[in-house]
Amino acid sequence: MQNKTSGTTPAVQELVDIRNLTDAQFLSLGLPRLVYVRRDSQLGQEMFAIYAANGELMGTTEDSEMVRSAIDENALVATLLH
């Protein structure tokens, strides 16, 4: 097996100054794998909601173990918000 080179160099990734992100750049940080979990109460029932890094609701459950399972099964990375 031979490796062929086309004579062109791979595209250099553009560096982004995180102190000056556009709204679109900020919303795309961590997508698609970074999520956060928020505890909520609906109609007196405790719920857990999983949100994508851009704030989009991905799912809800009443069971904290289901949250962990969903994160693990989908190879997501959860973060804490303070």
Side-chain angles (χ1 to χ4, degrees):
M1 179 178 199
Q2 292 180 313
N3 289 335
K4 294 184 179 182
T5 57
S6 63
T8 60
T9 58
V12 176
Q13 288 184 342
E14 181 181 335
L15 295 178
V16 176
D17 181 358
I18 62 170
R19 296 167 293 183
N20 296 308
L21 293 175
T22 65
D23 289 345
Q25 289 170 324
F26 181 76
L27 287 174
S28 68
L29 286 177
L31 292 178
R33 295 190 44 202
L34 183 64
V35 298
Y36 64 95
V37 178
R38 183 174 170 186
R39 187 181 305 184
D40 199 2
S41 179
Q42 294 180 358
L43 302 174
Q45 183 86 19
E46 184 174 283
M47 301 288 292
F48 298 92
I50 301 174
Y51 291 90
N54 66 356
E56 182 179 336
L57 178 63
M58 298 177 75
T60 61
T61 182
E62 298 170 2
D63 184 3
S64 63
E65 288 301 315
M66 286 287 283
V67 170
R68 290 185 181 126
S69 294
I71 289 169
D72 290 342
E73 288 175 16
N74 292 287
L76 302 172
V77 177
T79 188
L80 296 174
L81 299 178
H82 299 278

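Please read all numbers here as calculations on a predicted model, not as lab measurements.
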Between atom [atom1] of [X] and atom [atom2] of [Y], what is the distance when rounded to the nearest 0.5 Å?
| X | Y | atom1 | atom2 | answer |
| --- | --- | --- | --- | --- |
| Gln42 | Glu62 | CD | CD | 9.0 Å |
| Arg68 | Thr61 | CZ | OG1 | 12.0 Å |
| Ile50 | Ile71 | CD1 | CD1 | 5.0 Å |
| Thr60 | Gln45 | OG1 | CD | 11.0 Å |

**Request:** Identify whether the distance between the nearest side-chain nitrogen and carboxylate oxygen of Asp40 and Arg38 falls below 4.0 Å.
**Result:**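 The answer is no: the pair does not qualify as a salt bridge.
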**Asked** Just by distance, do the side chain of Asn54 and the backbone of Glu56 share a donor-acceptor pair under 3.5 Å?
**Response** yes
**Asked** Is it true that a side-chain atom of Arg39 and a backbone atom of Glu46 form a donor plus acceptor pair closer than 3.5 Å?
**Response**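 Absent.
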**Message:** Tell me if the CE atom of Met47 is crowded by more than 12 foreign heavy atoms within 6.0 Å.
**Reply:**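 Yes - once you tally the heavy atoms of other residues, nucleotides and ligands closer than 6.0 Å, there are more than 12.
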**Item:** CG (Asp23) with more than 12 external heavy atoms under 6.0 Å
**Value:**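 No, CG of Asp23 has 12 or fewer neighbouring heavy atoms, counting only those of other groups under 6.0 Å.
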**Shortest non-hydrogen contact from Ala70 toward Leu76** = O-CD1, 4.3 Å
**Message:** Looking at every heavy atom in both Val67 and Phe48, which two are closest together, and how far apart are they?
**Reply:**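 Answer, listing the atom of Val67 first, then Phe48: CG2-CB, 3.5 Å.
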**Prompt:** Only one of Leu57, Val35, Leu34 forms a side-chain contact (heavy atoms from CB on, under 4.5 Å) with Tyr51, so which one is it?
**Reply:** Leu57
